[in-house]
Amino acid sequence: MKRAGERHVPVLLEEAIRYLNVRPGGVYLDATLGMAGHAAAVASKLGAQGRLIGFDRDPEALQFGRERLREQEELLGAGMPGWELHGEAFSRMEQRIEKGSLDGLLADFGVSSMQLDEA
């Protein structure tokens with residue numbers, strides 16, 4: 001598994017973040033956390049009052065995402081939003097998230113380079 005320090009830039013990162021239109025203090029979900037590149041970018045715009053939720057059913061990806069968000073926490077300090085990760089398929093989000101509570105949802109349904117790099 002790659003280490004969190006080995007940066008991988010998500011495809012269309014700037015475009016995805018721009019169209020997601022992150023509002024400081026909002027609640028945002030990354031339904032396909034993966035390497036947490038999108039999630040880290042969202043976190044940088046949310047601020048301390050915001051909340052970030054991530055889902056990934058791949059245990060290695062979830063661990064990588066956790067490490068990446070901890071690094072982001074070090075960078076942002078008190079400006080880091082609250083965050084939580086769920087090690088399950090995003091199809092279970094309705095059991096974890098109150099209906100109508102999200103300000104935005106990001107789902108990157110492309111092929112994961114992490115899964116192509118390692119079987």
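The nearest pair of heavy atoms linking Ser44 to Ala41 is OG-O, 2.7 Å. The nearest pair of heavy atoms linking Ser101 to Glu98 is OG-O, 2.6 Å. When every heavy atom of Ala36 is checked against every heavy atom of Gly65, the shortest pair comes out as CB-CA, 3.6 Å. For the residue pair Ala39 and Asp30, the shortest heavy atom distance occurs at N-OD2, 3.5 Å.
Using a distance-only test at 3.5 Å, with no hydrogens or angles considered, a donor-acceptor pair links the side chain of Asp56 to the main chain of Gly34. Counting only distance, with no hydrogens or angles, the side chain of Thr32 and the backbone of Phe109 share no donor-acceptor pair below 3.5 Å.
Heavy-atom contacts from other residues, nucleotides or ligands closer than 6.0 Å to CD of Gln95 number more than 12. Summarising the local packing, CD of Glu15 is surrounded by more than 12 heavy atoms from other residues, nucleotides or ligands at distances under 6.0 Å. More than 12 heavy-atom neighbours from other residues, nucleotides or ligands sit within 6.0 angstrom of CD on Glu88.
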| query | Can you check side chain to side chain contact (heavy atoms under 4.5 Å, CB included) on Leu20 and Val42, steps first, answer last? | reply | CA-CA 9 Å; Leu20 191 56; Val42 169; 3.8 Å; yes
| request: Evaluate side chain to side chain contact (heavy atoms under 4.5 Å, CB included) for Phe55 paired with Ile97, printing each intermediate quantity in order. | output: CA-CA 11 Å; Phe55 277 80; Ile97 299 165; 3.8 Å; yes
| task | In sequence, state the C-alpha distance, the side-chain angles, and the governing distance for Val22 and Tyr28, and then conclude on side chain to side chain contact (heavy atoms under 4.5 Å, CB included). | result | CA-CA 8 Å; Val22 178; Tyr28 289 81; 3.9 Å; yes
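Separation of atoms CG (Asn21) and NZ (Lys45) is listed at 9.5 Å; rounding is to 0.5 Å. Here the CG atom belonging to Leu46 is positioned 6.5 Å from the CG atom belonging to Leu52, to the nearest 0.5 angstrom. Considering CZ of Arg57 and CZ of Arg92, their distance stands at 12.0 Å, rounded to 0.5 Å. How far CZ of Arg68 is from NE2 of His38: 10.0 Å, rounded to the nearest 0.5 Å. How far CG of Leu33 is from CZ of Arg66: 9.0 Å, rounded to the nearest 0.5 Å.
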Distance-only criterion, 3.5 Å: show the donor-acceptor pairs between side-chain atoms of residues 75-85 and protein atoms not counting sequence neighbours.
residue: Trp83; atom: NE1; partner: Glu73; partner atom: OE2; Å: 3.2
residue: Glu84; atom: OE1; partner: Arg51; partner atom: NE; Å: 3.2
residue: Glu84; atom: OE1; partner: Arg51; partner atom: NH2; Å: 2.9
residue: Glu84; atom: OE2; partner: His86; partner atom: NE2; Å: 2.8

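Under the rule for a salt bridge (charged side-chain N to carboxylate O under 4.0 Å, His left out), the partners of Arg23 that lie at least two apart in sequence or sit in another chain are Asp103.
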